[in-house]
Protein chains: 2
Amino acid sequence: MSYSIGEVADKLAISPYTLRYYDKEGLLPFVDRNAAGRRRFKDNDFNFLEVIVCLKEAGVPVKQIGEFIDLCMTGDATLQDRYDFLADHEAKLEAKMARLQHTLDFLRWKKWYYKTALQAGTESIHYLPGTNQVDPAVHATFNRLVADGASPKTLGELN
Amino acid sequence: MSYSIGEVADKLAISPYTLRYYDKEGLLPFVDRNAAGRRRFKDNDFNFLEVIVCLKEAGVPVKQIGEFIDLCMTGDATLQDRYDFLADHEAKLEAKMARLQHTLDFLRWKKWYYKTALQAGTESIHYLPGTNQVDPAVHATFNRLVADGASPKTLGELN
DNA sequence: ATATAATCTAGAGTTAACTCTAAGTCAACC
DNA sequence: GGTTGACTTAGAGTTAACTCTAGATTATAT
């Protein structure tokens with residue numbers, strides 16, 4: 001089985017432009033061409049494409065993905081380098097997910113902030129008396145609710 | 001208490017250039033100026049800055065963050081819009097974290113793939129006999145190990 | 001008082017990752 | 001056999017988010 005650039009683009013839900021750009025950047029050295037110079041992707045190529053898509057999603061720059069593909073093409077001498085590369089980006093992704101979890105926590109507290117303001121009809125219930133400044137105790141109140149067992153996700157839910 | 005742009009930049013670990021850029025894009029309409037035209041950040045401004053940093057981390061484009069700040073400056077009439085904005089980006093962030101979890105799973109399976117190749121001294125242990133194509137059963141083997149209770153994270157760990 | 005450092009604006013430059021255009025080739029269908 | 005659509009390359013254009021420069025002003029430290 002072999003596939004045209006358009007078929008691969010459809011399968012991966014990315015544009016043919018992007019695939020050609022990746023090729024230009026050295027990400028697709030494994031792709032064959034037919035007599036007319038058109039790209040013919042093999043079944044096994046999807047193993048590489050899967051990795052490329054994964055690294056992209058993980059936030060690895062195209063240039064670095066190219067370096068990984070280079071290692072792949074070089075052979076068994078680079079197995080350790082490839083392992084280290086993946087371990088490095090695994091750690092980076094774990095760190096990023098931890099940061100995003102904090103971001104999500106913050107978003108949920110702010111949602112609760114607006115839910116309660118909405119129910120009161122005014123944001124000023126969260127202000128220090130006689131000012132336009134948010135009372136730091138409000139965040140502490142939310143944290144106490146969570147510590148007491150409430151779900152941060154449902155606390156901010158309207159209805 | 002008030003703070004210069006440099007002090008705020010240090011606290012948020014972003015450059016003064018970036019803060020001025022945000023101001024230019026309408027993200028900092030709440031910041032005061034002194035007689036000489038220099039920015040003076042108030043304590044309460046950090047409530048806005050916190051939100052800006054959070055939305056940035058969540059992947060919200062600067063332009064959209066500006067729209068949210070606009071809502072904030074308009075007053076209580078926009079409370080629902082602000083709630084909806086946060087709820088929308090909460091959902092998007094949850095979806096992104098689910099995708100990243102899949103990405104992390106994939107990275108770990110590939111790490112195990114290279115760990116086992118490394119221990120065998122050659123990647124070819126994963127190929128279909130007499131080819132250079134990866135045997136699809138290899139991924140299935142990894143999945144079985146995980147289904148049988150092994151940790152995907154430690155399975156790929158070297159040592 | 002003076003040198004150094006921080007700030008200001010307007011606007012130019014940079015970078016990554018596409019995204020598209022132009023001009024041409026090739027394949028599939030009626 | 002002709003038309004339509006997919007493909008090719010080289011290279012230009014786009015977009016977001018900075019990042020910096022230049023030239024001027026202001027604040028801080030000796």
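Letters go in sequence order (proteins before strands), and every chain restarts at 1.
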Value in whole Å for how far the [atom2] atom of [N] lies from [atom1] of [X]:
X	N	atom1	atom2	value
B:Leu55	D:dA17	CG	C1'	16 Å
B:Leu19	D:dA17	CG	P	15 Å
A:Tyr17	D:dG13	OH	P	16 Å
B:Glu57	D:dA17	CD	C1'	15 Å
A:Ile5	D:dG5	CD1	C1'	15 Å

Next on the checklist: Just checking A:Lys153: does its NZ atom have more than 12 heavy atoms from other residues, nucleotides or ligands closer to it than 6.0 angstrom?
Outcome noted: yes
Item to check | Rounded distance (nearest 0.5 Å) linking atom CG of A:Leu28 with atom CZ of A:Arg39 | outcome: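 Answer for the CG-CZ pair, A:Leu28 versus A:Arg39, is 7.5 Å.
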Checklist entry - For DNA chain C, what residues of residues 38-52 of chain B have any heavy atom nearer than 4.0 Å? => result B:Arg38, B:Arg39
Next on the checklist: Contact list please: residues 20-36 of chain B against DNA chain C, heavy atoms, distance less than 4.0 Å, in numerical order.
Outcome noted: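 Within this stretch, B:Arg20, B:Lys24, B:Arg33 sit under 4.0 Å of the strand.
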Item to check | Atom of A:Glu57, atom of B:Thr103 and distance for their closest heavy-atom approach | outcome: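 Residues A:Glu57 and B:Thr103, closest heavy atoms: CG-OG1, 2.9 Å.
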Checklist entry - Quick one: which of B:Glu123, B:Lys111, B:His126 gives a side chain to side chain donor-acceptor pair (under 3.5 Å) with B:Thr116? => result B:His126
Next on the checklist: If the condition is ring-ring contact (aromatic ring centres under 6.0 Å, His included), which residues does A:Phe30 pass it with, not counting sequence neighbours?
Outcome noted: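 A:Phe30 satisfies ring-ring contact (aromatic ring centres under 6.0 Å, His included) with A:Phe48 once adjacent residues are dropped.
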Checklist entry - Just to confirm, is there a sub-4.0 Å distance from OP1 or OP2 of D:dC18 to any side-chain nitrogen or oxygen of B:Lys56? => result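 It does, given that an N or O in the side chain of B:Lys56 lies less than 4.0 Å from OP1 or OP2 of D:dC18.
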